[in-house]
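Throughout, a chain's letter reflects where its sequence line sits, starting with A, and its residues are numbered from 1.
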Amino acid sequence: MDILERLNEQQKKAVTAAAGPVLVLAGPGSGKTGVLTRRIAYLVQEMRVPPWRILAVTFTNKAAKEMRHRVEALLDGQPRGLSMGTFHATCARILRREVENLTYYDRDFVIFDTADQKQVIKQALADLNLDDKKFQPSKLLHGISAAKNELITPDLYQATTYIAEINRRVYSRYQEVLQANNAMDFDDLLMNTVLLLDERADILQKYQEQYLHVLVDEFQDTNTTQYALLRRLAGGHGNIFVVGDSDQSIYRWRGADYRNIHRFRESYPGAETILLEQNYRSTQIILDAAKSVIQHNKDRVHKDLFTERLGGERITLRENYDGLEEADTIIASIQQLMLDGYSPGDCAVMYRTNAQSRSLEESFVRASMPYRLVGATQFYQRREVKDIIAYLRLVNNPADSVSFNRIINVPTRGVGKKTRDDLLDWAKRHGWQPAEALSKLVTDLDVQHPFRGRAFKSLSKFGEMLTAWISLREQVSVGEMMDLILEQIEFRSYLVDGTDEGQDRWDNVMELYNVAAASESMGLSEFLEQVALVSESDNLEEDSPATALMTLHAAKGLEFPVVFIVGLEDGILPHSRSLDDAESLAEERRLFYVGITRAKDRLYLSHVFRRTTYGETEVAAPSRFLNDLPSELVDSESSSKRRQQTKARASSWNQSSTDGWGLGGRSAATSSSGSRRRQPAASYQPPKANRVPTPKPLPKPRHYGGSSDPEPARPAAAEPQYRTGEKVRHAKFGEGTVIESKVTGNDEEVSVAFQGHGVKRLAASFAKLEKLAG
DNA sequence: GGATCTCATGTTTTT
DNA sequence: CATGAGATCC
């Protein structure tokens, strides 16, 4: 494929720019990913740069994955050795490779997520005899994260006030606790990499020489530490190509600083700056509205965005009575759009806070309209999943006391607070890690210990299992290890308690198992790292027939033919916590701008008269941002007006379809879906028009539809679906032969021998086995 | 030691 | 309203 095909002049200029610093300021919809990927292809193909000498960094796994695919398509095959990944994954890879040069860590260090961090901070506070009610863990963590994002170590932390001094001490202790656990938090991955490169000129030089070209996506979202990293890596040659848009900077609260764009120009005075101003996404009207909104922010780099999609539908602005009516109105609009040839999957509903998704979901369920929730509760944060990961982490890294504490009594095994404290105490006195102490208890029969009777029995039993797992660590695969653990702790019977929720939890564990089993070639550390650095929203299914529901933050980088932005009220968007700070307010405005610019054809904005938050209903004022929309671009409707027009049919505020679109079959929807790893998109339940419209009490939306589709309510204890000898196909493992299959609870456990992959035990509901004829 | 209740808490969350 | 952590009760 010709790399320069169908590029406009500016895009071409960026792709073919000479080596050296390049700054691409890319408006929304201006084809920045295309430019970035073509730049890489150009470097390889035209400038003859070996792929392994190129480093491309992104913020999300999804962006990295997409870039990789597109580069592959351009180059007609895999660019061997190309480094492409998120900042965190890139740093983790460097740290892992250089681990022997790290003072406090050994090779199996683990990555702590926010829940783990909270435990660490509590430990730090306890160690310092500070009250965690007086000093809020979340606040302290935020402060620590901010420091790390600014490359400030505890030693460099300037404390001139009492509270800052507390912060400094907690930060310092927090780092010690992490190190004692052989663990890093997300921010450490970045900071420790920079520190390492600063300490060791030889290592710095090695990476500078390897990465002859550095490319960065979403540059406006970099924080100080990330920018420091980039500057160091590109330090020798200065071949750094960054793409960003300060108008889309919406992660300031995470340390992102779009002023890095200005700094870039100062750091690299010779940098070539290229503006991508042509928008290929939106209609003129939508783009004009977006421009009018963002124009109110000060100190912007001026861009003159334009589109060839002149005209377009006007923006619809609606006032509804309350959130319920707002949701129902949106659904009615989607149904109307369907008559115009749009699919529900062409539509997205965006909101400021996750809490707003609930009422929307309920309305979608009630109307039997398909939807998918993007980036809600993350799979890897689910309790049962975290529990099992904690087991694996402990096996991988017995120093991990956070995981230890998490699972010492999960499933309940008779180790309560007292016994646990005694154990931790005893371990501490001897200078052992908790897991180490447990091993001692079973391996060293002469050891003096404070346990008797039941406590001793429980601890030894667990100690024996743990010791055995650790000794098997090098010999078995991750999947086998997990299988063994699940079996021995009888996790299934612990979870499956006859409720749907219990079954869901077990299903989640089986899904994790499938991920592990598919990661055959990975070592345990590697597996855990991968699991720590992926997130759910990386798996938004494209081309799903369901309307996407997401926060405005989650919407960045996406586009939809039809976009609804809800809750345009002062206090929601802009959010109440941002009202008293100009910089925060500017960021809220950017958030609105990001939302508007996601839309290709149609944009619907809505606010309500009465908003219910935290169970309290209050009158809400329309968002101040609405004043920034030129009235000639907007069609305003309010439900009271509409009601008068359609008086005959609509009679009350509470009626669900106020504008006369009472189409939505009111059959009780069965399954909604969160976006899940390796799950098919939410299955579309078409409105069953002829069903008796008896609105049942709302089923609580299931977290996903995996195990029940496509055959809901498989009779328990029925015949197995799979027979011995039957040939099946699995997405990962390919063809195989069924060895045995048995029905267990609501599911079926199938053992299949796969060519080249050995025998796998799979949960039928997850494995998605395809039966092969013959 | 384990279950149950109460009470505080609540923006966004690429990793 | 809905969730989670900690206290309290059995």
Side-chain angles (χ1 to χ4, degrees), chain A residues 57-64 85-92 111-115 117-119 122 132-133 136-138 141-142 145 148-149 184-190 217-218 220-223 225-226 248-256 323 350-356 358-359 362 374-378 380-381 383 409-421 453-455 458 529-538 540 550-558 567 571-579 584 587-588 590-592 594-595 612-617 700:
Chain A
V57 267
T58 62
F59 277 85
T60 65
N61 291 298
K62 188 183 164 206
T86 63
F87 272 97
H88 292 86
T90 302
C91 287
I111 298 162
F112 273 7
D113 70 11
T114 35
Q117 287 178 280
K118 211 166 168 193
Q119 297 306 119
K122 282 189 176 167
D132 65 2
K133 295 220 171 55
Q136 278 182 18
S138 57
L141 275 173
H142 185 262
S145 175
K148 289 179 178 179
N149 289 335
M184 296 192 197
D185 64 21
F186 291 131
D187 300 318
D188 280 334
L189 294 172
L190 306 172
D217 191 17
E218 306 278 17
Q220 77 282 355
D221 286 337
T222 52
N223 60 38
T225 301
Q226 285 160 332
Q248 294 184 64
S249 165
I250 54 174
Y251 286 101
R252 191 176 76 109
W253 48 278
R254 294 278 250 118
M350 300 172 190
Y351 36 83
R352 177 65 238 264
T353 69
N354 274 313
Q356 293 171 260
R358 185 164 232 107
S359 55
E362 286 174 4
V374 178
T377 317
Q378 306 237 331
Y380 287 107
Q381 273 164 229
R383 195 180 13 165
N409 200 31
V410 175
T412 44
R413 53 169 69 87
V415 181
K417 187 166 161 25
K418 173 87 168 62
T419 312
R420 197 190 68 191
D421 286 350
R454 214 167 52 186
S458 309
E529 176 171 311
Q530 191 208 260
V531 158
L533 295 179
V534 298
S535 81
E536 187 106 14
S537 43
D538 296 335
L540 170 66
M550 68 188 87
T551 62
L552 286 160
H553 283 89
K556 195 173 74 157
L558 306 175
I572 306 255
L573 181 65
H575 195 272
S576 54
R577 297 215 180 181
S578 66
L579 294 179
S584 306
E587 180 143 317
E588 296 288 307
R590 291 193 289 270
L591 203 46
F592 185 33
V594 165
T612 304
T613 13
Y614 305 145
E616 304 240 342
T617 302
K700 193 180 161 86

Any side-chain heavy-atom pair from A:Leu591 and A:Arg352 closer than 4.5 angstrom?
yes
Spacing of A:Gln119 atom CD relative to C:dG4 atom P, expressed in whole Å:
14 Å
Within the stacking criterion (centroid distance below 5.5 Å, interplanar angle below 30°), does A:Trp253 stack on B:dT11?
no
Would you kindly compare A:Arg577 and A:Lys556 by the position of their nearest DNA chain B nucleotide and give the one closer to the 5′ end?
A:Arg577
Distance check needed: B:dT14 P versus A:Gln220 CD, whole Å only.
16 Å
Can a donor-acceptor pair be found, under 3.5 Å and without considering hydrogens, that links the side chain of A:Tyr351 to the backbone of A:Met550?
yes
If the cut-off is 4.0 Å, is A:Asn61 near the phosphate of B:dT14, judged by side-chain N/O to OP1 or OP2?
no
Calculate the interatomic distance between A:Lys133 atom NZ and B:dA8 atom C1'; express it in whole Å.
10 Å
For residues A:Ser584 and A:Glu587, is any side-chain donor paired with an opposing acceptor at under 3.5 Å?
no
B:dT14 C1' sits how many Å from A:Asp113 CG, rounded?
15 Å
Protein and nucleotides 1-6 of chain B: nitrogen or oxygen contacts under 3.5 angstrom:
unit_1	atom_1	unit_2	atom_2	d
B:dG1	OP1	A:Thr419	OG1	2.5
B:dG2	OP1	A:Gly414	N	3.1
B:dG2	OP2	A:Asn409	ND2	3.0

From the options B:dT15, B:dT12, C:dA2, select the nucleotide whose nearest atom is closest to the side chain of A:Arg358.
C:dA2
In terms of the angle between their ring planes, are A:Phe186 and A:His88 parallel, tilted or perpendicular, with boundaries placed at 30° and 60°?
perpendicular
A:Glu588 has an atom CD; how far is it from atom P of B:dT13, in whole Å?
12 Å
Using a heavy-atom cut-off of 4.0 Å across all strands, would you classify A:Phe87 as base, sugar-phosphate, or nothing?
nothing
Under 3.5 Å side-chain donor-acceptor pair for A:Glu218 and A:Gln220
yes
Look at the side chain of A:Arg352 against the base of B:dT12 and say whether a donor-acceptor pair falls under 3.5 Å; ignore hydrogens and angles.
yes
A:Thr412: which of A:Val410, A:Asn409, A:Val415 passes side-chain contact (heavy atoms from CB on, under 4.5 Å)
A:Asn409
Keeping A:Thr225 on the side-chain end and A:Asn149 on the backbone end, is there a donor-acceptor pair under 3.5 Å?
yes
Sequence neighbours left out, what passes salt bridge (charged side-chain N to carboxylate O under 4.0 Å, His left out) with A:Arg254? Give chain and number order.
none
Contact under 4.0 Å: A:Arg254 side-chain N or O vs B:dT13 OP1/OP2:
no
So does A:Lys122 get a side-chain nitrogen or oxygen closer than 4.0 Å to the phosphate oxygens (OP1/OP2) of C:dG6?
yes
CD of A:Glu616 versus P of C:dC1: gap in Å, rounded?
10 Å
Whether A:His575 stacks on the six-membered ring of B:dT11 base, 5.5 Å and 30° limits:
yes
Which is more 5' along DNA chain B, the nucleotide nearest A:Ala532 or the one nearest A:Ser138? Just name the residue.
A:Ser138
Under 4.0 angstrom between A:Asn354 side-chain N/O and B:dT13 OP1 or OP2:
yes
Nearest whole Å is fine: how far is B:dT12 C1' from A:Asp221 CG?
13 Å
Distance check needed: B:dT14 P versus A:Asp187 CG, whole Å only.
14 Å
